[in-house]
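Just below is one structure, and these are the notes that go with it.
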Amino acid sequence: MYGHAPPDPFVQSVQAGRASLAKDLEVGSEAAFRGDGPELERVVPVSGRGWSGPRWLRRAVGPVVLLVWWQVLSASGVLAEDVLASPGAIATTAGDLISDGTLPSAMLVSLQRVAVGLLLGGVIGVVLALVSGLSRLGEDLVDATVQMLRSIPWVGVIPLFIIWLGIGEAPKIALISLGVAFHLYLNVYAGIRGVDAQLVEAGTALGLGRWGLIRHVVLPGALPGAMTGLRYSLATAWLALVFGEQVNADDGLGFLMNQAREFFRTDVIVVCLVVYAILGLIADFLVRTLERLLLQWRPTFTGQ
């Protein structure tokens, strides 16, 4: 009645499996220590297999295919010359504009306008974001006004800029600054308010004061948002430049496009658009490089 129960077969099998696994691990450890164990092979994920060519070559496939298809349509007469010039004609026009100095001069003037507008708008946007993001009083005084103004189409204020600032360089730069300031304000403000509250509490526990928290916790945490805002601001700056250079401009890429429009020169228009695209890619590359330098502490997903 009080005798031992017969052993459970399932329990016995589990115990035997554990003993076998422990023995295998012990044997494997001794073999690894002696150096005569099985050779390990690197496991390559299935998703990582594929075309292993240079990345720049893979990225160039799409544009090259588009250019070839465009040239075929133009050569076959499907795409008329007065509707859109062929890539060959555009390349010839670009060479002529570069050789006579027209295109470099226009690029230099446009770059100066963008640089000044970006600097002025960036300072205004960042300062307003810091005032609004770092204090509740600043948010109450600044944020509502900025949110109201940013809902107004900034292109629609061109007539007011002309009345207030004349028809010289000032309205062009003001238009660029306006578009840049709003993007930087929104992203820097969101970056500041998006800082983890636990990091702020940890900094306070470590003895950091208000300015120490701002310098070592808040501003580094808001830096990713600032970089995103800078990328949007650069794109907006080039867009604002196109509209700004239509205000009584006598030089610049927008001036070339306006002249080409009057004479139905689609080749010149496309050359200016390509220059805008190249300058935008260069600016985006510079911002990406700046991100890699300033955000080394933040590992991110880069794709598989």
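Heavy-atom basis, side chains included; hydrogens, waters and symmetry copies ignored.
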Examine [X] and [Y] and state if one hydrophobic cluster contains both, with Ile, Leu, Val, Met, Phe, Trp and Tyr joined whenever side-chain heavy atoms are less than 4.5 Å apart.
X      : Y      : answer
Val114 : Tyr276 : yes
Ile90  : Val72  : no
Phe255 : Leu108 : no
Leu128 : Ile152 : yes
Leu103 : Leu273 : yes

Any chance you could measure [X], atom [atom1], to [Y], atom [atom2], to the nearest 0.5 Å?
X      : Y      : atom1 : atom2 : result
Leu178 : Ile158 : CG    : CD1   : 10.5 Å
Thr93  : Ile269 : OG1   : CD1   : 11.5 Å
Leu239 : Leu175 : CG    : CG    : 9.0 Å
Leu118 : Leu230 : CG    : CG    : 6.5 Å
Leu130 : Leu219 : CG    : CG    : 6.5 Å
Arg136 : Asp143 : CZ    : CG    : 14.0 Å

What I'd like to find out is whether the side chain of [X] reaches to under 4.5 Å of the side chain of [Y], using heavy atoms alone.
X      : Y      : answer
Thr289 : Phe285 : yes
Leu149 : Phe182 : yes
Leu120 : Ile124 : yes
Leu241 : Lys172 : no

For this session: Take Ile176 and Val180, measure what side-chain contact (heavy atoms from CB on, under 4.5 Å) needs, and give me the verdict at the end.
Result: CA-CA 6 Å; Ile176 297 172; Val180 167; 4.3 Å; yes
Where do [X] and [Y] come nearest, in terms of heavy atoms and distance?
X      : Y      : value
Val195 : Ala222 : CG2-N, 4.2 Å
Leu184 : Ser233 : CG-OG, 3.4 Å
Leu253 : Leu279 : CD1-CD1, 4.3 Å
Met257 : Cys272 : CG-CB, 3.4 Å
Leu234 : Trp238 : O-CD1, 3.0 Å
Ala106 : Asp251 : CA-OD1, 3.7 Å

Look at the side chain of [X] and the backbone N and O of [Y], then say whether any donor-acceptor pair between them is shorter than 3.5 Å.
X      : Y      : value
Ser99  : Asp96  : yes
Ser132 : Val142 : no
Ser105 : Gly101 : no
Thr102 : Ile98  : no
Trp70  : Ala85  : yes

Exercise. Would His216 and Trp211 count as a side-chain contact (heavy atoms from CB on, under 4.5 Å) if you check the C-alpha gap in whole Å, the side-chain angles of each, and the deciding distance to 0.1 Å?
Worked result: CA-CA 8 Å; His216 298 288; Trp211 294 110; over 6 Å; no
Exercise. Once the angle between the rings of Tyr232 and His183 is folded into 0 to 90°, is it parallel (under 30°), tilted (30 to 60°) or perpendicular (over 60°)?
Worked result: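 Taking His183 first and then Tyr232, their aromatic rings lie parallel (interplane angle under 30°).
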For this session: Determine, for Arg113 against Glu169, whether the closest basic-nitrogen to carboxylate-oxygen distance falls under 4.0 angstrom.
Result: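 A salt bridge is present here (some side-chain N lies under 4.0 Å from a carboxylate O).
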Exercise. Does the side-chain contact (heavy atoms from CB on, under 4.5 Å) test come out yes or no for Glu139 and Arg193, once each step is laid out?
Worked result: CA-CA 11 Å; Glu139 180 183 11; Arg193 291 305 176 93; 3.1 Å; yes
For this session: Count the heavy atoms belonging to other residues, nucleotides or ligands that lie under 6.0 Å from CD of Glu262, then report whether that count exceeds 12.
Result: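 Above 12, so yes.
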Exercise. For Arg288, which residues count as a salt bridge (Lys or Arg N to Asp or Glu O under 4.0 Å) partner, sequence neighbours excluded?
Worked result: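 Per chain and number, Arg288 pairs via salt bridge (Lys or Arg N to Asp or Glu O under 4.0 Å) with Asp284.
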Exercise. How would you list, by chain and number, every residue that makes a side chain to side chain donor-acceptor pair (under 3.5 Å) with Gln71, sequence neighbours excluded?
Worked result: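 Per chain and number, Gln71 pairs via side chain to side chain donor-acceptor pair (under 3.5 Å) with no residue.
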Exercise. Does a donor on one side chain and an acceptor on the other come within less than 3.5 Å for Ser110 and Glu245?
Worked result: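 A donor-acceptor contact under 3.5 Å links the two side chains.
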Problem set entry | Worked check of side-chain contact (heavy atoms from CB on, under 4.5 Å) between Gln147 and Leu186 | CA-CA 9 Å; Gln147 297 293 343; Leu186 292 175; 3.5 Å; yes
